[in-house]
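Heads up: the structure comes next, in structure tokens.
Please read all numbers here as calculations on a predicted model, not as lab measurements.
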Protein chains: 2
Amino acid sequence: MTPNTGVAWLTGEEDAAWRGWIEATQRIAAAIEHDLRNDSGLTFDDYEVLVTLSEADGRAQRMSELAMSTVQSASRLSQRIDRLADRGLVERRPCEEDKRGWFAVLTDEGLASLAAAAPGHVESVRRNLFDHLSPDDVVTLAEMMPRLASSFHAARAHADD
Amino acid sequence: MTPNTGVAWLTGEEDAAWRGWIEATQRIAAAIEHDLRNDSGLTFDDYEVLVTLSEADGRAQRMSELAMSTVQSASRLSQRIDRLADRGLVERRPCEEDKRGWFAVLTDEGLASLAAAAPGHVESVRRNLFDHLSPDDVVTLAEMMPRLASSFHAARAHADD
DNA sequence: GGAATATGATTCAAACTTGAATCAATCTAT
DNA sequence: ATAGATTGATTCAAGTTTGAATCATATTCC
């Protein structure tokens, strides 16, 4: 695993960080997703869509914006909204300002589903993540993770450099 | 997002850490997966299977063990091994000690694919993750992430407490 | 030693994701 | 104004993941 290719290979510390990252992020995501599905019938991506809409102005957001904030492709979001709409948790509303555009809108029923799912989900996030972190760890992550996420926002801005 | 349900809701710091965690882990995983698929035709899960086998005794591992070390369900691994075997990158070998069991074995061709993919993949991991971390951050993650991952190993051991 | 149970692995159908193709509306530059 | 390019969103087919069901072999315990 350390061939001579001219690439700057990972150091021992980086390798430990990276392998730990992979395993921790995968196991935590899987455990939380599993809990959420069983307790509420929502996938984690469903939940994120509902939370994002619940916090948006008028409980509505344009499809393209929603796809960016929930980190999924336009196609994936479009089909997810199809399914959530079939279940009555969201609705589509055309955009008057730009006739190509659509809003996804959280319904009362969608908000109720979110409210019903939230306590169990928070408990699961605690049990799977925060119960294993010290207060200092939390401070560290609250600075580091948004910083890592924002590197992608910056990248997008000068994509054509 | 902070209803009165008797649940210990997330503090401001925890909320920032959790939202950052979600976005950073998703974006980093998506970017690295995308790079790997384009550069090598392997998915990230394919790559993990090949790396794990390359480091195993005799380049072989039992299906159940491989499923655990690569964090995927038995069914998902079985179908992944089908596809990797179709492409000649792994083989199945029956287990003599336990006639129910099977080994997945990395082929020479599989090892060659892994070696071809590795430099580009490492570069992608650097660009998407380590380039945005200080040496201290790396030390922190190298301790924290394996600790979080290991909480699941412990959980498994006293699953029947 | 044989019935009951547990384990290792695969198969199946339904649900989901992917990326390319499509389609309509808007912007740009003549 | 209008051709050409771009943008917002959906659709389509192929590939992937899910969890339950299945099947064969092993283990347990009377």
Sugar-phosphate, base or nothing in reach of D45(B), heavy atoms under 4.0 Å: sugar-phosphate
Spacing of E33(A) atom CD relative to dT17(D) atom C1', expressed in whole Å: 11 Å
Separation of atom CD in E96(A) from atom C1' in dG8(D), rounded to whole Å: 15 Å
For R83(B), all residues meeting side chain to side chain donor-acceptor pair (under 3.5 Å), sequence neighbours excluded: none
H132(A) side chain to R127(A) backbone, donor-acceptor under 3.5 Å: yes
5' priority, DNA chain D, between S78(A) and R37(A) [closest heavy atom]: S78(A)
Parallel, tilted or perpendicular, as decided by the 30° and 60° cut-offs, for the rings of F44(B) and H121(B): tilted
Interatomic distance, Q61(A) CD vs dG8(D) P [rounded to whole Å]: 14 Å
Sequence-aligned protein contact record of nucleotides 1-8 of chain C, with B where the base is within under 4.0 Å of a protein heavy atom and S where only the sugar-phosphate is: ------BS
Side-chain H-bond candidate by donor/acceptor type, E65(B) with S69(B), under 3.5 Å: no
Interatomic distance, L77(A) CG vs dA9(D) C1' [rounded to whole Å]: 10 Å
Charged N-O contact under 4.0 Å between D46(A) and R37(A): no
CG-CD distance between L84(A) and Q79(A), expressed to the nearest 0.5 angstrom: 12.0 Å
SB check D82(A) R87(A) (cutoff 4.0 Å): no
salt_bridge(R19(A), E23(A)) N-O dist < 4.0 Å: no
Backbone N/O of T11(B) and side chain of E14(B): donor-acceptor pair under 3.5 Å: yes
Interatomic distance where CG belongs to L42(B) and P belongs to dT16(D) [whole Å]: 12 Å
Between dT7(D) (C1') and E97(A) (CD): distance, integer Å: 16 Å
Under-3.5 Å donor-acceptor pair between Q79(B) side chain and dT18(D) base: yes
Sugar-phosphate, base or nothing in reach of N38(B), heavy atoms under 4.0 Å: nothing
Side-chain N or O of R76(B) closer than 4.0 Å to phosphate OP1/OP2 of dT18(D): yes
Candidates dC12(C), dA25(C), dA20(C) - which lies nearest the side chain of K99(A): dA25(C)
Contacting residues from residues 80-94 of chain A, given that a heavy atom lies under 4.0 angstrom of DNA chain C: R80(A), R83(A)
Nearest-Å distance for atom pair CD/P, residues Q72(A) and dT18(C): 9 Å
Upstream residue (5' side of DNA chain C) when D46(A) and S75(A) are each assigned their closest nucleotide: D46(A)
